[in-house]
2 protein chains.
Amino acid sequence: MVEITMRTAAANDELTDTSLRKQVYDSLRAALTSGRFAPGQKLTFRFVAKALGVSLTPVREAVRRLVAEGAFEMQPNRSVRIPLMTKAKVLELRDIRVAVEGLAVGKAAEVATRAQIANLRRIAREIVAVRKRGDSVADREKISEFHFALYTISGQPTLLRVIEGLWLQTGPYMNLLFPDYIASAGGPARRLRIIQALQSRDAVAARREIENDVDGTLSYVAGLADEAGNIVPALPSAAGSRRSKGKASAALELRPKRLDLK
Amino acid sequence: MVEITMRTAAANDELTDTSLRKQVYDSLRAALTSGRFAPGQKLTFRFVAKALGVSLTPVREAVRRLVAEGAFEMQPNRSVRIPLMTKAKVLELRDIRVAVEGLAVGKAAEVATRAQIANLRRIAREIVAVRKRGDSVADREKISEFHFALYTISGQPTLLRVIEGLWLQTGPYMNLLFPDYIASAGGPARRLRIIQALQSRDAVAARREIENDVDGTLSYVAGLADEAGNIVPALPSAAGSRRSKGKASAALELRPKRLDLK
DNA sequence: TCGCCAAATTTGTGATCACAAAAATGCATT
DNA sequence: AATGCATTTTTGTGATCACAAATTTGGCGA
């Protein structure tokens, strides 16, 4: 059920990194943020290696990096799993993200250039266009693009990396926002207010907008928890986190390596 | 000049991780935070492997993790270096740390137990004792212990990991604070005020104290930058960041593997 | 004496192998 | 039919090897 495809390009690091390690990392990250992994699902090095057609070496380094970033979880024994999300964790992530993303937008409002603001406006328009089509995956990608374009304006690389790490942990659960929340919330209007605040160099207003955005979004997700505090995302195709018997399931879930690399 | 010793135990992760990878990671981290690496210094996998008496495999994974955490820097070509510190970077780290450590202490003040407060008081006393001896390394270790004991009280593991990542980047430059700053600042009094605020559940006051602490400390470090904005830490033994000629220097800097592992 | 280029060395990367611990399987006993 | 227990399989870990790119070295020529 899980299908991983190679990604050739990425954003943050050196664009000249063509190593297999980086490609595996990008592939896993893309699979993760697009919700192709089920929470609690076990992930073996050999599975990923076979799915992507590479040896264990680059897979190990890529997966270990994701573990260090909190995107994967290392069990006490020795296996990698997709972390489960709890209400407490969402609330913790909410508070951290409110703090750091508020900080970033405050800085951004002080230094934004006309071209950068125009770029934000373009992305905001694209979100509206994509939303009409009802494509939730493209929608989330565009929203992510808007946010990171905004945070990048701050010109603070370390801050940006912190934010990226936090997004990576919330990413797999953002599809919970569809179709209820995002479709109904005042997303487009809020983005326009943010852009307006940047234009008028109003750091306080810009910061308040983004804080409300993050707060509202993650508070909503936290509210989806069951009585035990667990949050289960609706998967595109419901690949249960519970393993079926034996190697049959593994063979079923393994896709014949569709990879763009080379 | 660089000497790396194996560490058997660590704090944050699973305490059951006895892998070589983890030991190498802890060793490098310890060497880094105690200022045993010169900024700009190049680090090769084989050097570390030889120094610690292990193969390349665990070294690669450990170093790559440090790179992901921002403790090391990957050059566009392909070599790992100790990052240089600039005024802009210190100020960026300052603002992030003020935000997240303020957040942590605010939470801590709301939930601190009597035993946890007593523990903080014990560490605060130990800092005073260590300071009398003038041991700057032990001093910094104790201060770190106090801060993380404080942040741990918040009970927010993700927040704690973010803070650890930020400390790892500022760590190598904290020895700049000696002997001028730390010895003169009102450190002990501030810690007592923080403890007092925790006791009276005054989150606002506790938060303000830690914000002032981080702000003051890193603003001081930022002030040490030269005209170009670079910050050069005074190394215990001034191993210049500039390499001397050829392999002679490498041979000189390589220490005959003092390691506790096995 | 100072560049400049080819040879030699260093170094990161990826694959493969060996091994031990963990997990899964299957069989026997009650 | 259920439950232990031994066997088999899976899986992470660390070492080693091969290779290409980058770096360094050394000598040649202006």
Side-chain angles (χ1 to χ4, degrees), chain A residues 6 13-14 16-27 40-68 72-81 242-251 253-254 257 259 261-262, chain B residues 6 13-14 16-27 40-68 72-81 242-251 253-254 257 259 261-262:
Chain A
M6 277 289 186
D13 270 2
E14 302 88 1
T16 58
D17 190 350
T18 60
S19 66
L20 282 182
R21 172 193 348 109
K22 185 77 192 315
Q23 293 179 52
V24 172
Y25 173 82
D26 289 340
S27 301
Q41 178 178 357
K42 192 169 73 175
L43 214 65
T44 67
F45 290 165
R46 284 172 171 86
F47 168 78
V48 177
K50 206 171 295 185
L52 295 177
V54 297
S55 82
L56 285 178
T57 312
V59 170
R60 275 165 57 170
E61 298 188 359
V63 171
R64 296 230 149 270
R65 175 167 172 191
L66 268 328
V67 169
F72 290 156
E73 216 172 41
M74 203 68 192
Q75 297 292 92
N77 35 14
R78 52 174 190 171
S79 62
V80 177
R81 289 186 175 278
R242 183 168 310 281
R243 55 170 162 72
S244 39
K245 281 260 184 82
K247 58 171 57 177
S249 99
E253 292 182 6
L254 185 85
K257 49 185 86 159
L259 42 143
L261 86 139
K262 168 184 54 319
Chain B
M6 275 292 187
D13 269 3
E14 302 88 2
T16 58
D17 191 351
T18 59
S19 67
L20 282 183
R21 172 193 349 112
K22 184 77 190 316
Q23 293 179 52
V24 172
Y25 173 80
D26 289 339
S27 301
Q41 179 178 355
K42 192 170 74 176
L43 214 64
T44 67
F45 291 166
R46 284 172 172 86
F47 168 78
V48 177
K50 207 171 294 183
L52 295 178
V54 297
S55 83
L56 285 179
T57 312
V59 170
R60 275 164 56 169
E61 298 189 358
V63 171
R64 296 231 149 267
R65 174 168 172 189
L66 268 327
V67 169
F72 291 155
E73 216 172 41
M74 202 67 193
Q75 296 293 92
N77 35 13
R78 50 174 192 174
S79 62
V80 176
R81 289 183 175 278
R242 183 168 309 280
R243 56 169 161 71
S244 40
K245 280 263 184 79
K247 59 168 57 175
S249 99
E253 293 182 6
L254 185 85
K257 49 185 85 161
L259 42 144
L261 86 140
K262 168 178 59 319

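So that the names make sense, note that chain A is the first sequence line, chain B the second, and so on, each numbered from 1. Basis for what follows: all heavy atoms, side chains included, without hydrogens, waters or symmetry-related copies.
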A:R21 and A:V59: CA distance, side-chain angles, deciding distance, side-chain contact (heavy atoms from CB on, under 4.5 Å) verdict: CA-CA 6 Å; A:R21 172 193 348 109; A:V59 170; over 6 Å; no
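- Each of B:S79 and A:R60 lies near DNA chain C, and the nucleotide nearest B:S79 is the one positioned closer to the 5' end.
- When all heavy atoms are compared, the tightest approach of A:T18 to A:Q23 is O-NE2, 2.9 Å.
- Within the 4.5 Å cutoff, side-chain heavy atoms of B:Q75 are placed close to those of B:E73.
- If you check distances only, the side chain of A:R46 does reach the base of D:dG12 with a donor-acceptor pair under 3.5 Å.
- Not one N or O on the side chain of B:E61 forms a donor-acceptor pair closer than 3.5 Å with the backbone of A:R64.
- At least one cation-pi condition fails for B:R81 and B:F72: the charged atom is not both under 6.0 angstrom from the six-membered ring centre and inside a 45 degree cone around its axis.
- For the helix from C:dT1-D:dA30 to C:dT30-D:dA1, the rotation axes defined at the first and last 5 base pairs enclose an angle of 0°, given to the nearest 10°.
- Judged by closest nucleotide on DNA chain C, B:F45 is the one of B:F45 and B:T57 placed further toward the 5' end.
- Of all nucleotides listed (C:dA24, D:dG12, D:dA15), D:dG12 comes nearest to the side chain of A:M74.
- Looking at the side chain of A:S55, the nearest of the listed nucleotides C:dT13, D:dG12, C:dT16 is C:dT16.
- Taking side-chain N and O atoms only, B:R64 has a distance below 4.0 Å to OP1 or OP2 of C:dT13.
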